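All remarks here apply to the structure that follows.
Treat the numbers as computed from the prediction; the structure is a model and nothing was measured. Note on naming: letters A, B, ... go to the chains in the order of the sequence lines (proteins, then strands), and numbering restarts at 1 for each one. Note: hydrogens, waters and symmetry copies are ignored here, and every other heavy atom, side chains too, is used.
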Amino acid sequence: MHEMTGGADPVLRVSGLRKTYGVVRAVDDVSFTLDKGRSLGVVGESGSGKTTTARIIVGLEHADTGQVAVAGRDRTESRRHGRAERLRRAREVQMVFQDPFLSLDPRIPVGTALRETLRLHFPRRDGAARVAELLDQVGLGERAAAALPRELSGGQRQRVAIARALAVEPAVLVLDEAVAALDVSVQAQILNLLADIREQTGIGYLFITHDLGVVRCVTDDVVVMWRGAIVERGPTERVLAAPEHPYTRLLLDSVPRPGWDPGRVAADRRALASTAAPSPSSPDHRKS
Amino acid sequence: MTAAALTRRPGLKHIRTRRNGLYLTCLAFVGLVVVVALIAPWLAPADPNATDLGAALTDPSPGHPLGADIAGRDTLSRLLLGSRTSLLGPLGIVAFSTVLGVVVGVTAGWRGGWIDTALSRSSELLLAFPGLLLAILFVALYGEGLLAPVVALSLAYLPFVSRLARSLTLSERQRPYLAAYRVQGFSGLSICVRHLIPNIAPVVLAQSTVNFGYALLDMAALSFLGLGVPPLTPDWGSMINAGQTALLQGKPLSAVLPCVLIVVTVVAFNVVGEHWADRVARRER
Amino acid sequence: MSAATHVLEIDGLTLRLPRTARPVLDGVDLTVGASEIVALVGESGSGKSMTLRTALGLLPRQAAVGGSVRVAGEDVLTMTPARLRDLRAGTASMIFQDPRAAINPLRRLGDFLTESARINGGAGGERAVVRARHLLAAVGLTDRVLSQYPHELSGGMLQRIMIASALMNDPGLLLCDEPTTALDVTTQAEIVALLADLRNTFGTGMLFVTHDLGLAAAISDRVFVMYAGRIVEHGPAGSLFGAPRHPYTAALLDSTPRLEAPSERLAAIPGQPPDLRAPLSGCPFAARCAYAIERCRAERPEPENGVACHRAGELVLATVREGDRPRA
């Protein structure tokens with residue numbers, strides 16, 4: 001039904017992304033598309049290249065080669081630094097970071113931070129009304145506008161970060177482990193909030209995470225990254241129910257549950273590491 | 001439930017209050033010196049430059065509460081008015097070096113690349129130049145007056161501030177809130193001015209307070225050498241110079257008092273600066 | 001039960017900090033038996049790490065403590081500093097969340113492993129090295145790491161080193177403070193398998209602090225659930241997660257995104273955990289609980305048969321996950 005590589009009108013198209021740091025291939029030929037209003041999960045462990053991919057997409061890093069296009073317009077080509085270009089790029093993609101304790105300026109009250117963004121992007125609109133609207137949208141009262149970040153809990157700060165990203169009215173929202181630092185009960189609140197926002201606004205999500213439970217909750221499609229490359233892709237239901245790549249299977253088996261056998265997972269992990277050794281011609285190449 | 005309630009480590013609390021006492025004393029002294037400098041003309045009992053050869057090298061008396069120097073000038077009045085020049089010079093140095101140092105350091109840390117290399121190398125070059133020699137060179141080139149040594153010493157102090165500002169910028173840059181502003185479309189300049197600099201300011205200001213003490217010492221050394229401060233202006237450093245003969249004649253008060261004031265003021269500024277730096281470091285954790 | 005069968009026995013532990021309106025720990029009762037893995041589950045700020053640390057006598061400054069914490073039968077809270085050092089060097093040891101932060105990056109790992117033996121134990125360096133080699137084999141590493149530096153190893157390997165170093169003096173009690181949270185999921189399985197293995201080989205009792213319910217269920221024999229400084233429920237892992245009796249445990253299970261359940265909206269727990277600055281009356285969970293009645297807000301529930309809930313007798317929470325949950 002839904003074809004991942006050839007959606008009719010993808011809002012985000014990533015093709016042939018590569019990035020190396022020295023000899024390490026952090027991102028190795030990564031391509032995917034995100035259709036309007038859909039949610040795509042990017043799953044992998046640390047070092048899989050998922051965060052580097054996200055940072056390239058929002059423009060915090062430059063790819064060596066490859067393209068990132070939003071609504072058909074290439075973001076990677078243009079090296080112009082003008083104000084209009086900067087604002088236009090910001091309205092294409094916004095990002096919510098992992099650590100709610102570090103992603104807000106500690107000195108700036110919530111309302112001021114939101115107004116700052118609104119003034120930059122929509123100087124002629126009524127800022128105060130929009131701030132109230134945004135706070136309401138993320139489930140914070142208007143009293144939160146006067147609060148400094150340190151007076152808020154982790155979940156509330158993450159709501160502020162989401163409101164700030166939504167203030168720009170982007171086409172795509174990149175969520176980089178956005179719920180990983182939160183407690184389970186708060187995490188559920190934020191995940192539900194994100195689902196509601198998508199329903200209301202039709203925004204597209206790129207959900208970077210290592211947590212398969214979260215992926216299952218909030219994404220339609222998923223790509224699995226391993227050592228910089230995509231090893232499996234497809235609708236989330238299918239990938240989680242019938243994984244094809246051994247690494248995806250390993251990830252699934254690694255989730256603790258009653259009757260879980262960590263010893264077998266550990267053995268599988270070693271087996272996978274040895275089959276993927278640098279020289280495929282010597283299958284016996286094992287590391288101690 | 002057993003009622004074995006106990007309070008841990010009462011000893012450390014004691015030490016901390018004592019250190020706080022030192023800080024408060026120093027803060028009070030710094031405040032006093034600044035206030036005195038501001039209202040010195042109204043406090044001074046006599047004209048600091050009025051020579052009264054009859055009173056030369058007298059011991060403290062009702063007319064001259066702290067005695068008079070070899071030219072018969074009232075030591076107390078000279079000390080009071082001398083605090084103005086003695087503080088004004090370092091103030092200029094600290095203001096100049098802080099503003100310029102932050103601009104250089106933040107630019108280098110934020111932009112990175114060749115700009116960083118160029119700025120860092122050139123400020124290291126300045127570091128290799130002894131500040132006092134640079135100041136003497138400037139005075140020789142541009143003549144006497146406060147401006148030349150202040151500019152020279154500002155340049156000499158600039159690398160200390162810029163290196164600190166650069167390393168603070170580098171570590172602050174790692175924080176995602178700055179990345180978030182970039183993603184939001186803010187320009188680098190506005191992020192630095194509105195978010196980065198206010199967040200690193202407390203540490204820089206604490207360092208500048210410590211610098212103030214050193215600058216005071218350097219300026220005093222210059223005026224002791226007879227450079228920098230114009231001849232008739234009372235100044236602690238030049239008072240020590242003028243007091244040398246008095247020292248030899250067994251009437252040390254006019255030379256020793258400015259020495260004591262310089263030392264105590266420098267120590268007070270250092271203690272206050274260190275305490276602020278500590279407090280910022282504690283808050284960061 | 002006699003103290004001999006328990007390596008850790010916490011009894012009515014309360015801990016109060018200055019400038020807080022309620023105790024950080026409020027009457028915690030908990031036991032760990034020899035070669036038993038006990039999980040302590042809770043959200044951040046629930047007091048789970050603080051409880052763990054009291055077992056080593058690591059108390060915050062100006063903390064007022066009450067109750068007793070006995071390790072191998074001896075009360076930690078009344079120990080002299082010298083006795084505490086012995087305890088930390090021998091009877092009980094601890095592994096931390098982030099191994100990279102807990103190991104000196106400038107020293108070789110061999111030095112790190114044998115350091116405490118060289119300083120504390122009279123056994124001497126030779127025996128320490130022999131023991132280190134033996135333990136490295138037990139955690140699945142080769143002797144080669146003895147001459148390596150921390151930056152040369154991955155996070156998972158470093159955590160094995162941490163575990164080996166914690167076992168150097170053959171402690172009866174191993175305290176694990178979220179030892180797999182900073183690691184990748186596939187590495188987590190390895191570390192957990194290793195811990196389970198070591199418990200069998202060395203007979204070490206373990207107190208395992210985690211916020212991950214699934215992990216707690218998978219590895220532990222018994223589970224204690226903590227909320228706002230109190231143990232709200234405890235029991236065998238299987239029955240606690242299969243049939244939770246405290247509404248908080250049930251709500252926590254419901255709000256966890258899981259692989260098996262139908263992918264619908266999560267049943268989030270409304271509100272925030274109670275703040276330390278606000279005093280608590282009645283049940284700490286009452287404000288967020290879907291089943292709270294007047295009595296819950298007024299009267300503190302005492303633990304009874306392993307659950308501290310006024311309505312434990314009448315509620316049937318096991319059905320909650322089949323979609324029978326009350327809607328707000």
Side chain, backbone, both or neither: which part of [X] has a heavy atom under 4.5 Å from chain C?
X        : value
A:Leu212 : both
A:Val255 : side chain
A:Gln187 : side chain

For chain A, which residues of residues 177-191 of chain C have at least one non-hydrogen atom nearer than 4.5 Å to it? C:Asp184, C:Val185, C:Thr186, C:Thr187, C:Gln188, C:Ala189, C:Glu190
Taking the side chain as every heavy atom from C-beta outward, state whether [X] and [Y] have any atom pair closer than 4.5 Å.
X        : Y        : answer
C:Val145 : C:Arg160 : no
C:Pro247 : C:Cys309 : yes
C:Leu109 : C:Leu153 : yes

Within this structure, what is the CG-SG distance for the pair C:Leu266 and A:Cys217, rounded to the nearest 0.5 Å?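 Here the rounded value is 3.5 Å.
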Working to the nearest 0.5 Å, report the span between CG of C:Asp143 and CD of C:Gln148.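 The CG atom of C:Asp143 sits 11.0 Å away from the CD atom of C:Gln148.
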Portion of C:Gln272 that has a non-hydrogen atom of chain A nearer than 4.5 angstrom: side chain
Is chain A contacted by the side chain of C:Ile219, its backbone, both, or neither, given a heavy-atom distance below 4.5 Å?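 Looking at C:Ile219, just its side chain touches chain A.
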How far apart are the C-alpha atoms of C:Ile103 and C:Met162, what are their side-chain angles, what is the distance that settles it, and do they pass the side-chain contact (heavy atoms from CB on, under 4.5 Å) test? CA-CA 8 Å; C:Ile103 298 180; C:Met162 274 303 292; 3.8 Å; yes
Under 3.5 Å: donor-acceptor pair, side chain of C:Thr249, backbone of C:Arg245: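 It does not hold such a pair.
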Within the side chain of A:Trp226, is there an N or O that forms a donor-acceptor pair under 3.5 Å with the backbone of A:Glu45?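 Looks like no, no N/O pair under 3.5 Å.
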Output the option from A:Ala266, A:Pro262, A:Ser153, A:Ala267 having the highest count of non-hydrogen pairs under 4.5 Å with chain C.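 Between A:Ala266, A:Pro262, A:Ser153, A:Ala267, the count favours A:Pro262.
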Heavy-atom pair count under 4.5 Å with chain C, highest-scoring of A:Gly263, A:Gly155, A:Ser254, A:Ser185: A:Ser185
Considering all heavy atoms, the nearest A:Asp211-A:Gly213 contact: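 What the structure gives for the nearest pair is OD1-N, 2.9 Å.
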Nearest atoms (heavy-atom pairs only) where C:Val41 meets C:Val223: CG2-CG1, 3.7 Å
Looking at [options], which has the largest count of heavy-atom pairs under 4.5 Å with chain A?
options                               : value
C:Asp212, C:Val192, C:Leu213          : C:Val192
C:Ala217, C:Ala218, C:Gly45           : C:Ala218
C:Gly42, C:Pro273, C:Gly155, C:Gly271 : C:Gly271

Sequence neighbours left out, what passes ring pair (Phe, Tyr, Trp, His ring centres under 6.0 Å) with C:His134? Give chain and number order.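 For C:His134 there are no ring pair (Phe, Tyr, Trp, His ring centres under 6.0 Å) partners, ignoring immediate neighbours.
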Under the rule for ring pair (Phe, Tyr, Trp, His ring centres under 6.0 Å), what residues qualify as partners of C:Phe285, not counting sequence neighbours?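 Only C:Tyr227, C:Tyr248 meet the ring pair (Phe, Tyr, Trp, His ring centres under 6.0 Å) criterion with C:Phe285.
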Does C:Asp221 form a side-chain contact (heavy atoms from CB on, under 4.5 Å) with C:Arg199? I'd like the steps, not just the answer. CA-CA 12 Å; C:Asp221 305 313; C:Arg199 168 266 286 268; 2.9 Å; yes
Evaluate the side-chain contact (heavy atoms from CB on, under 4.5 Å) criterion for residues A:Thr51 and A:Arg55: first the C-alpha distance (whole Å), next the side-chain angles of each, then the deciding distance (0.1 Å), finally the verdict. CA-CA 6 Å; A:Thr51 291; A:Arg55 290 177 69 88; 4.1 Å; yes
Report, in residue-number order, which members of residues 136-152 of chain A are under 4.5 Å from chain C by heavy-atom distance. none
